[in-house]
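Beneath this line is the structure, given in structure tokens, with notes to follow.
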Amino acid sequence: MKLTLPCCARPLSGAVEVPGDKSLAHRAMLFASLAEGESEVRNYPDSGVTRAMRGALESLGVPSSLEAGVLRVKGNGFRPFPNAGATGYCGNSATTIRLMAGAVAGTGSSATLDGSAGLRRRPMNRVADPLRAMGAEIATDDGRAPLVFSAAGRLKPVDYAVPVASAQVLSCLQIAALGASGASRFTVPGPVRDHTARMLGSMGAEISSEGFVSTVRPLARPLRSLHATLPGDISSATFLFAAAALVPGSRITVTGIGVNPTRTGILDVLESMGAVVSRANARDEMGEPVADVTVAAAPLKAVEIKGDLVVRSIDEFPAIAAVAAFAEGVTVVREAKELRYKESDRIAAIVTQLRALGAEVDEFDDGFAVHGGTLTGGTAQANGDHRLAMSMALCGLRAPVSVEGAEILNESFPSFVPSLVALGVPEVC
Ligand code: S3P
């Protein structure tokens, strides 16, 4: 599918919702399957990546139903998955395969976890190595999927320093540690998203965090089933906020999104670029902070992004790059090498696609620099990356731009175009 957003002269305005948070949805589905009893989770998003987690669990013997946004799962408990030796197909979803790896190892299940060609390119030793140190038996294809788990005895507790600031790795290990024979300690090098500790904690697990160190005790009693409503996904809202920042005079609100501080880097970045960001109606869902967030356009200036802010905005760099292309000055992103291991090598992909649109961009090993005001227009490729597709399409609001392969956006935000239309973008083709 080729997507062309029209250059938008009229300001965008209004309030919309976005689908439920994917990170929370993955965890809700997986943890519900590890709990006792029936869980019910509302505002559950139906997209490529969330279907991956449900499908993989169904193959391993834990089916679920999703009707009108309500997910229902009858938990199997924290014990081996019913379909011993089955393959769980994780599609394009790295969160699915890495979190499932923790559950398969922790419950002592035998199973294979596999995925798409894109997923098979992503590094899996970051979870396989520490799981092996806990006693799991895992074969990989040279550190990549498929991951083949043989049923092993009870895992051993570990004290492990996670070398990358990755929530997927930390979550995998925290889940596995619920099945270990003693308390484990994990240290991360930065502020990774903490949804796993919050959600498992709300289900009765004992996970305590102090700074960047978390201690996980083995389950003393079954996990309680989950009854919750997922907040909207700030990573999807990001594309609407970026649209508001890009179209002069705009002011839009996305209601009911998760504003966990480990995820709100994008709001800080947009604010420091000049956009006006405000929050209202603050509340709490399952121990997660939720709010209505409004972004208003203002003249955009370049920023420098590095350190913790990179981790707190890890999924939002394609959108940040699109906004930076229309800011005054040179936006520089450093200390962001992890972007090379996402749905695509996002540093190379951002640089290549912005250049295809005429922009001046520099590539570094650990980041990139976008020279604002140089993008003229053209055709970009989505590169099999949903976030790149939506971000490059947004450049179309300010210059003649089309994106080929844009159907990949259905992996995460199928209502992207209807949401933009609801906010005032005309004649999308
Ligand atoms: C996620 C963690 C991040 C993020 C991904 C979702 C999660 O990955 O990029 O989209 O739900 O835990 P890393 O943990 O690999 O940084």
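Quick caveat, the model's predicted, so the values are computed rather than measured. Every number for a ligand or one of its atoms is a count from 1 in the order of the listing. Hydrogens, waters and symmetry mates play no part in the numbers below; they use all other heavy atoms, side chains included.
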- Query: So among H195, R193, R27, which one has a side chain to side chain donor-acceptor pair (under 3.5 Å) with S171?
  - Reply: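 Testing S171 for a side chain to side chain donor-acceptor pair (under 3.5 Å) against H195, R193, R27 leaves exactly one candidate, R27.
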Protein heavy-atom partner closest to [atom] - residue, atom, separation in Å:
{"atom": "atom 10 (O) of ligand 1", "value": "D315 OD2, 2.8 Å"}
{"atom": "atom 8 (O) of ligand 1", "value": "K342 NZ, 3.0 Å"}
{"atom": "atom 11 (O) of ligand 1", "value": "S23 OG, 2.6 Å"}
{"atom": "atom 12 (O) of ligand 1", "value": "R27 NH2, 2.6 Å"}

- Check ligand 1 against I314 and write out every atom of the ligand that is under 4.0 Å from a heavy-atom position of the residue.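 Listed by number with element: 9 (O).
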- Query: Numbering the atoms of ligand 1 from 1, which are under 4.0 Å from a heavy atom of T95?
  - Reply: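 Selected atoms, number and element: 1 (C), 6 (C), 7 (C), 11 (O).
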- Query: Within a strict 4.5 Å, meaning less than it, do heavy atoms of the F241 and V254 side chains meet?
  - Reply: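 Of all side-chain heavy-atom pairs linking V254 with F241, at least one is under 4.5 Å.
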- Task: Ignoring angles and geometry beyond distance, decide whether A165 reaches within less than 3.5 Å of ligand 1 through its nitrogen or oxygen atoms.
- Result: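 In fact, backbone or side chain, A165 has no N or O that close.
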- May I ask you to check whether S171 has an N/O atom sitting below 3.5 Å from an N/O atom of ligand 1?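 By distance alone, the answer is no.
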- Task: Nearest 0.5 Å please: distance from the CG atom of L409 over to the CG atom of L3.
- Result: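 Result: 7.0 Å between the selected atoms.
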- When rounded to the nearest 0.5 angstrom, what is the spacing between OG in S412 and NZ in K22?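 Result: 4.5 Å between the selected atoms.
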- Task: Classify the side-chain pair S225/E36 by whether it contains a donor and acceptor separated by less than 3.5 Å.
- Result: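 No, no side-chain donor-acceptor pair sits under 3.5 Å.
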- Task: Please determine if E316 and K342 form a salt bridge, counting it only when a charged side-chain N lies under 4.0 Å from a carboxylate O.
- Result: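 Result for this pair is no, no salt bridge flagged.
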- Query: Heavy-atom contacts under 4.0 Å between H26 and ligand 1: side chain, backbone, both, or neither?
  - Reply: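 Answer for H26: neither.
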- Message: Please verify the inter-ring angle class for F239 with F413; under 30° counts as parallel, over 60° as perpendicular, anything in between as tilted.
- Response: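 The arrangement is tilted - the two ring planes meet at 30° to 60°.
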